Amino acid sequence: MRLIADGQPLRELSLDIPPITPRSALVKVAAAGVCHSDIHLVSGAYDLGEGRKLSTTGGGTVLPLTPGHEIAGRVERLGPGTESSGLKEGDRVVVYPWIGCGTCRKCLSGRENLCEGSQRFLGFMRNGGYAEYVLVPDTRYLVKADGIEASQSAILACAGLTALSSIRKCALQPGDLLFLIGAGGVGSTAIQIAKKVTPARVAVADIDDSRLELATRLGADYVFNTATTDTKELASQLRKVNQGRTADAVIDFVGIPRTASLGLRLLGHEGKLVLVGLVGGGMQLPLPLLPILGAEVLGNFTGTLAQLTELVDLTRRGGINPVVSESYRLEEANEVLAKLGRGEVRGRAVLEP
Ligand SMILES: [Zn+2]
Ligand SMILES: [Zn+2]
């Protein structure tokens, strides 16, 4: 399913299987997660507010392109020079899609997701997983995922990884209260991960009661419907359960002016607001607030290969159980993207070629 032109629906095409190259692996796709970023990719831009736009891929994308960056499947073929990769044909893998230039400071320190050079992100600049096969340029980007359902391991590559990485940025201590805004694909995964890898209690906000019910089932300590609870009331409820403090850290998985403003309002002293969601828009920042509180506003974009490996291991040991709510045929990609855009997907939807 290919993007031929910005803003146009993806088109179903029949193409040759990409030829294998040295060090590469051809993966037969079993599941490809449908992420909100794919909507931005198809539209061609992020909304920065005040009418300003940012190209989704900084001009690095050459169309036509196959989207899809949450990819799991089986190794179909291995290229020359992969003998020491520890992989063999048939192995079940999840693909790390955030592939950088390999030579910049960020890449050399293992943070390819923040590559300063020519990014090669699969599904953004290179062909991704909305296909039967994907060519991964180096076997080092494959993480063995035996024992995990393909649909579940696929969504670790963006939803899970983004959740883990943003939670780590909160540096939570025992007794802290973590406040998550948005219980969609990333947020619902974050609840389980936060309960597993931090000592904090977890509060979750959403505007949809069915997503909040899911949040409770996944282990949220407190849930709030922000469509029916105003910010002042919410702050007072948090103070009641958090020894007079509001939130010690907030992660905004939505990223619209209303959610980011809510996050700021709920920050306490030395609180951290981590912005993750890319839905878009701009906001006014009350300038004295951050210095007076000694608070921090941070951004997070996906995570590292090492973190994906850690997450796959955590999932295999039963630590988390990623929520895949719906699966579709590859040809239904456009319908799934539309459904996601309307906010009608609970958890994560995957395409299964
Ligand atoms: Zn994504
Ligand atoms: Zn780089």
Side-chain angles (χ1 to χ4, degrees), residues 32-41 46 56-57 67-72 94-100 106 110-115 119 121-124 128-129 141 143 152-172 178-198 202 204 206 211 215 218 249-256 259-260 263 272-280 297-312 314-315 319-324 340 345 347-350:
V34 180
C35 175
H36 206 277
S37 303
D38 296 331
I39 295 176
H40 295 294
L41 177 73
Y46 295 114
T56 316
T57 54
H69 54 275
E70 292 187 333
I71 312 162
V94 54
V95 179
Y96 179 79
W98 313 108
I99 301 174
K106 305 295 178 192
R111 282 143 48 228
E112 296 193 39
N113 55 310
L114 298 172
C115 172
Q119 298 169 342
F121 298 167
L122 300 184
F124 289 94
Y141 301 112
V143 179
Q152 289 193 302
S153 62
I155 71 172
L156 296 176
C158 179
L161 188 57
T162 300
L164 176 67
S165 177
S166 56
I167 289 165
R168 285 271 151 77
K169 286 198 172 155
C170 296
L172 295 155
L178 170 64
F179 191 89
L180 306 178
I181 302 175
V186 187
S188 59
T189 313
I191 299 164
Q192 298 182 57
I193 296 175
K195 295 298 288 186
K196 204 69 195 178
V197 306
T198 81
V202 178
V204 178
D206 203 291
R211 282 203 288 261
L218 295 174
V250 180
I251 307 178
D252 179 4
F253 290 117
V254 184
I256 57 174
T259 54
K272 291 184 170 69
L273 169 61
V274 184
L275 301 178
V276 174
L278 297 165
V279 175
V297 178
L298 309 161
N300 187 78
F301 183 75
T302 74
T304 65
L305 177 58
Q307 285 174 325
L308 180 60
T309 306
E310 178 187 351
L311 198 53
V312 169
L314 182 65
T315 308
I320 60 165
N321 188 18
V323 184
V324 177
L340 182 64
V345 175
R348 198 62 139 190
V350 298

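Bear in mind the structure is a predicted one, so any value in this text is a computation, not a measurement. All residue numbers refer to positions in the sequence shown, counting from 1.
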Distance in Å, Leu161 CG paired with Glu310 CD, rounded so as to fall on 0.5 Å steps: 10.0 Å
May I have the step-by-step check of side chain to side chain contact (heavy atoms under 4.5 Å, CB included) for Leu314 and Lys196, ending in yes or no? CA-CA 9 Å; Leu314 182 65; Lys196 204 69 195 178; 3.8 Å; yes
Closest non-hydrogen atom pair between Ala194 and Leu178, with its separation: CB-CD2, 3.8 Å
In this structure, are over 12 heavy atoms from other groups packed under 6.0 Å from Lys169 atom NZ? yes
Please identify each residue that fulfils ring pair (Phe, Tyr, Trp, His ring centres under 6.0 Å) with His40, with sequence neighbours left out. His36, Tyr46
Check whether any side-chain heavy atom of Thr304 sits under 4.5 Å from a side-chain heavy atom of Trp98, and report yes or no. no
Shortest non-hydrogen pair, Leu114 vs Lys106, comes out as O-CG, 3.2 Å
Quick one, Gln119 and Phe124 - any side-chain contact, counting heavy atoms below 4.5 Å? no
Taking C-beta and beyond as the side chain, do Leu156 and Leu308 meet within less than 4.5 Å on heavy atoms? yes
Give the C-alpha distance, both sets of side-chain angles, the deciding distance and a yes or no for side chain to side chain contact (heavy atoms under 4.5 Å, CB included) between Thr162 and Val276. CA-CA 8 Å; Thr162 300; Val276 174; 3.3 Å; yes
Gln192 vs Asn321, test: side chain to side chain contact (heavy atoms under 4.5 Å, CB included). Steps then yes/no. CA-CA 8 Å; Gln192 298 182 57; Asn321 188 18; 3.8 Å; yes
Are Val297 and Leu275 packed together at the side-chain level, in the sense that at least one heavy-atom pair is separated by less than 4.5 angstrom? yes
Thr198 side chain reached by Cys170 side chain, heavy atoms, under 4.5 Å: no
If you measure from CZ on Phe301 to CZ on Phe121, what distance do you get to the nearest 0.5 Å? 5.0 Å
How long is the gap from CG on Leu278 to CD1 on Ile39, to the nearest 0.5 Å? 11.5 Å
What heavy-atom pair brings Gly182 and Val254 nearest, and what distance separates the two atoms? CA-CG2, 3.9 Å
For Ala159, is there any backbone N or O sitting under 3.5 Å from a side-chain donor or acceptor partner on Glu70? yes
Quick check: do Leu164 and Thr189 have side-chain heavy atoms less than 4.5 Å from each other? no
Taking the side chain as every heavy atom from C-beta outward, state whether Pro322 and Thr315 have any atom pair closer than 4.5 Å. yes
Does Asp38 reach the side chain of His69, with side-chain heavy atoms less than 4.5 Å apart? yes
For Leu273 versus Ala260, what's the shortest heavy-atom pair and its separation? CD2-O, 3.9 Å
Begin from the C-alpha positions of Phe253 and Ser166 and carry the test side chain to side chain contact (heavy atoms under 4.5 Å, CB included) through to its verdict. CA-CA 10 Å; Phe253 290 117; Ser166 56; 3.8 Å; yes
Nearest-0.5 Å distance that lies between atom CD1 in Ile320 and atom CD1 in Ile193: 4.0 Å
Can you give me the closest heavy-atom contact between Ile155 and Arg348, atom names plus distance? CG2-CG, 3.4 Å
To the nearest 0.5 Å, what is the distance between CD1 on Ile99 and SG on Cys115? 11.0 Å
Quick one about Glu112 and Tyr141 (side-chain donor to acceptor, distance below 3.5 Å, no hydrogens or angles considered), yes or no? yes
Do you know which two heavy atoms are closest between Cys158 and Thr302, and how far apart they sit? SG-CG2, 4.5 Å
